[in-house]
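Report on one structure; see the data block that follows.
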Amino acid sequence: MTGLGYLVCLVLGIGCMLLIDWRFRLFFWRAPGAAALVTAAGVTFLLLWDAAGIAAGVFLRGTADIASGIVLAPELPLEEPLFLVFLVLCTMVIHTGTVRLLSTRRRRSQP
Amino acid sequence: MTYALLSTGFLFVAVLLGVLMARRSGQPGVSWPATAVTLVVLVVLTAVFDSIMIGLELFSYAPEHISGLVIGLAPVEDFAYPVAIAVALPALWALLTRRNAVPMGELVRQATAASRPISWINTAFPFAAAMVLTTREVNWVLVVGALYYLIPYNLAMYGINDVFDYESDVNNPRKGSIEGALLPRRFHRPLLWLVLATNLPFLVVLLLAGGPASWVAITVSTFAVVAYSAPGLRLKERPVWDSITSSTHFVSPAVVGFTLAGGTVEPGVVLVLGSFFLWGMAAHAFGAVQDIVPDRQAGIGSIATALGARGTVRLSLALWALAGLLVLAAPWPAPLAAVVPVPYLINCASSLRVTDTTAASTNRAWRRFIYLNYFAGFLVTLIMIDFWIRMS
């Protein structure tokens, strides 16, 4: 059995992160070039980590019904790079959002 | 314990890079409180969502390679991922968005243009073809290596070239600013950093994936990329070495692919790669003829300034002919590739009467040459497919 459930969840997740980014101008909507480089660097680093794990025989692709079953390389499903993009976006939205919150609080507490 | 070791290694690299980048990030710098918040939030999210994903059987772990310690359903080793990116990515972001940094969007555009996207395939294809024809399977090393020889390798080769050609052009008033204008000076250092950042991780992985033979091949390949234009060596200005290095740029990815695949050195392989090498030398030498006049004016050496226009054209013809003869001696179907140099010979022969003063006129033949490459690539691919079918 294969399905698109996981893929759809990831695309929606990425979409939600980008919506928050757009609304508060945090990451791509603040410095698109830098954001693209951070995303590319993050995803590449994590993919190499995955690759090392797969090569070492640690990671095995699952048999979930909600996975598309499409593989990009041995044991590497189509969904994995998208998951890593989501993870990087999530990290940077949380980080830049926290920086924003902390600085507004500091500004408010000043007389 | 394999996974614990692996995760510790990657986590160490990420934290080390994070600290180094944070120290160079200037103003406004990394917000450590925000980094701490990010870390905590990500770890909690990982505990929840990793458990859900494992519960849904999206992926699993080889039991003999994990410690067995879990949080929820997630192995503790998994938590190295969120910790690594929570530390490293904000540091990278701070570095790239510091106040006096060059605009990154512009850097990405400059870097993409510098990497010559039209030529990406010229290095990725030899690597992938050599590897896949040897292993006869698509594995991880192939994917990582093909990606490396597609983009980062070309960024290194042409990026380093553009940076250091600028220096030599600026010091040389006669060459003017036409070529110097290619890559503005303020992008030089960021571009060299980008070259290092995009090449090093791939090279480390490829070195780890191979043995002594591929270490030698990767070292030679990387040396050729740097030494072609880096100051001090500048092999591109040393006659004959320029053609040898230039050919190495395109043949070495194939040798790396072959050695990573663990191929055994047979006469046929040596003949085919040797033929490819001679083809590359001929191509470089012929291309240098059109620049004889400006190069001599600028005092820059090349194989063509040393041998003269007609001598270089003759040498190119000889090298192409020899390339064809070499594959004739290789096992079937490689001899079919002997027809590949024929159009090059005809094209180049049209320049046989060239003199040093009319050298620039070979530019017309050179432009035809670029189209011939596509035709040659098509023929070679057909022969490779034939080879593949015969082997299976």
Side-chain angles (χ1 to χ4, degrees), chain A residues 5-6 9 13 27 30-67 71-77 79-80 83-84 87-88 90-103, chain B residues 2-3 5-7 9-10 13-14 31 33-35 37-38 41-42 45 53-54 56-62 64-66 77 80-82 84-86 88-90 92-93 95-97 101 103-109 137-144 194 197-198 201-202 204-205 208-209:
Chain A
Y6 182 33
C9 282
F27 187 47
R30 197 171 114 210
L37 282 176
V38 169
T39 309
V43 171
T44 308
F45 182 77
L46 295 173
L47 269 179
L48 289 177
W49 195 335
D50 277 349
I54 291 166
V58 179
F59 299 146
L60 306 168
R61 194 162 62 86
T63 51
D65 292 347
I66 56 163
V71 289
L72 300 175
E75 305 292 332
L76 184 87
E79 287 93 338
E80 182 63 12
F83 170 72
L84 297 178
L87 190 58
V88 168
C90 185
T91 305
M92 289 313 295
V93 164
I94 294 170
H95 187 266
T96 49
T98 310
V99 170
R100 180 76 53 83
L101 285 174
L102 290 176
S103 69
Chain B
T2 317
Y3 190 23
L5 212 63
L6 187 78
S7 287
F10 273 89
V13 171
S31 161
T35 298
V37 171
T38 310
V41 174
L42 277 185
L45 287 176
M53 286 153 79
I54 293 165
L56 288 170
E57 293 177 9
L58 283 169
F59 42 80
S60 59
Y61 305 84
E64 67 272 25
H65 289 318
I66 57 173
E77 294 96 323
Y81 275 80
I85 58 174
L89 294 185
L92 177 61
W93 171 250
L95 181 73
L96 298 182
T97 55
M104 290 299 145
E106 190 54 27
L107 176 65
V108 171
R109 266 190 295 280
E137 61 165 18
V138 176
N139 62 23
W140 253 104
V141 184
L142 174 74
V143 177
V144 172
L194 194 62
T198 49
F202 282 96
V204 169
V205 172
L208 289 176

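Per chain, numbering begins at 1; letters A, B, ... match sequence-line order. Because only heavy atoms are used, hydrogens play no part in the values below, and waters and symmetry mates are left out as well, while side chains stay in.
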Region of B/Ala197 that comes under 4.5 Å of a non-hydrogen atom in chain A | neither
Residue from A/Gly42, A/Pro32, A/Gly57 scoring the most non-hydrogen pairs under 4.5 Å with chain B is A/Gly57
Proximity breakdown for B/Ser7 and chain A, heavy-atom pairs closer than 4.5 Å | both
Under a 4.5 Å heavy-atom cutoff, which of B/Leu96, B/Ile85, B/Leu58 has the most pairs with chain A?
-> B/Leu58
Of the non-hydrogen atoms in B/Thr2 and A/Ala56, which two are nearest, and what is the gap between them?
-> CG2-CB, 3.9 Å
B/Phe202 and A/Thr44: side chain to side chain contact (heavy atoms under 4.5 Å, CB included), yes or no, with the steps?
-> CA-CA 10 Å; B/Phe202 282 96; A/Thr44 308; 4.0 Å; yes
To the nearest 0.5 Å, atom CZ of A/Phe45 lies from atom OH of B/Tyr81 at 9.0 Å
Part of A/Thr96 lying under 4.5 Å from any heavy atom of chain B | side chain
Enter the distance from A/Ile66:CD1 to B/Met53:CE here, rounded to the nearest 0.5 Å.
-> 8.5 Å
Rounded to the nearest 0.5 Å, how far does CG of B/Leu89 lie from CG of A/Leu87?
-> 8.5 Å
State, with a plain yes or no, whether a side-chain heavy atom of B/Ser31 is found less than 4.5 Å away from one of A/Thr98.
-> no
Top contributor to chain A contacts, counting heavy-atom pairs under 4.5 Å, from B/Gly105, B/Ala86, B/Pro103, B/Ser60 | B/Ser60
Relative to chain A, which segment of B/Leu208 carries a heavy atom at a distance below 4.5 Å: side chain, backbone, both, or neither?
-> neither
Heavy-atom pair with the smallest gap, counting every atom of A/Ala41 and B/Leu92 = CB-CD2, 3.7 Å
Who are the ring-ring contact (aromatic ring centres under 6.0 Å, His included) partners of A/Phe27, not counting sequence neighbours?
-> B/Trp93
In Å, rounded to the nearest 0.5 Å, how long is the span from CD of A/Glu75 to CH2 of B/Trp140?
-> 11.0 Å
For residues B/Ala84 and A/Trp49, report the shortest heavy-atom separation together with the two atoms involved.
-> CB-CZ3, 3.7 Å
In terms of heavy-atom pairs under 4.5 Å, which option from A/Leu76, A/Val88, A/Leu60 contacts chain B the most?
-> A/Leu60
Could you pull out the closest heavy-atom pair between A/His95 and B/Thr35, with the gap in Å?
-> NE2-OG1, 3.3 Å
Side chain, backbone, both or neither: which part of A/Leu48 has a non-hydrogen atom closer than 4.5 Å to chain B?
-> both
Gap between atom CG of B/Asn139 and atom CD1 of A/Ile54 - 0.5 Å precision = 11.5 Å
Supply the atom-to-atom distance B/Thr97 OG1 to A/Leu37 CG, rounded to the nearest 0.5 angstrom.
-> 11.5 Å
Considering only heavy atoms from C-beta outward, does the side chain of B/Tyr61 approach that of A/Phe59 to under 4.5 Å?
-> yes
Taking every heavy-atom pair that is under 4.5 Å apart, which of B/Pro201, B/Pro82, B/Ala62 has the most such pairs with chain A?
-> B/Ala62
Okay, B/Ala14 and chain A: the region with an atom under 4.5 Å from a heavy atom over there is both
Where on A/Ala31 is there a heavy atom nearer than 4.5 Å to chain B: the side chain, the backbone, both, or neither?
-> both
Between B/Glu106, B/Glu137, B/Arg109, B/Glu57, which shows the greatest number of heavy-atom pairs under 4.5 Å with chain A?
-> B/Glu57
Quick one: closest heavy-atom pair of B/Val108 and A/Gly33, and the distance?
-> CG2-O, 4.4 Å
Chain B contact via A/Ala35 - which portion, at a heavy-atom distance below 4.5 Å = both
What's the shortest heavy-atom distance between B/Leu45 and A/Cys90, and which atoms?
-> CD1-SG, 4.1 Å
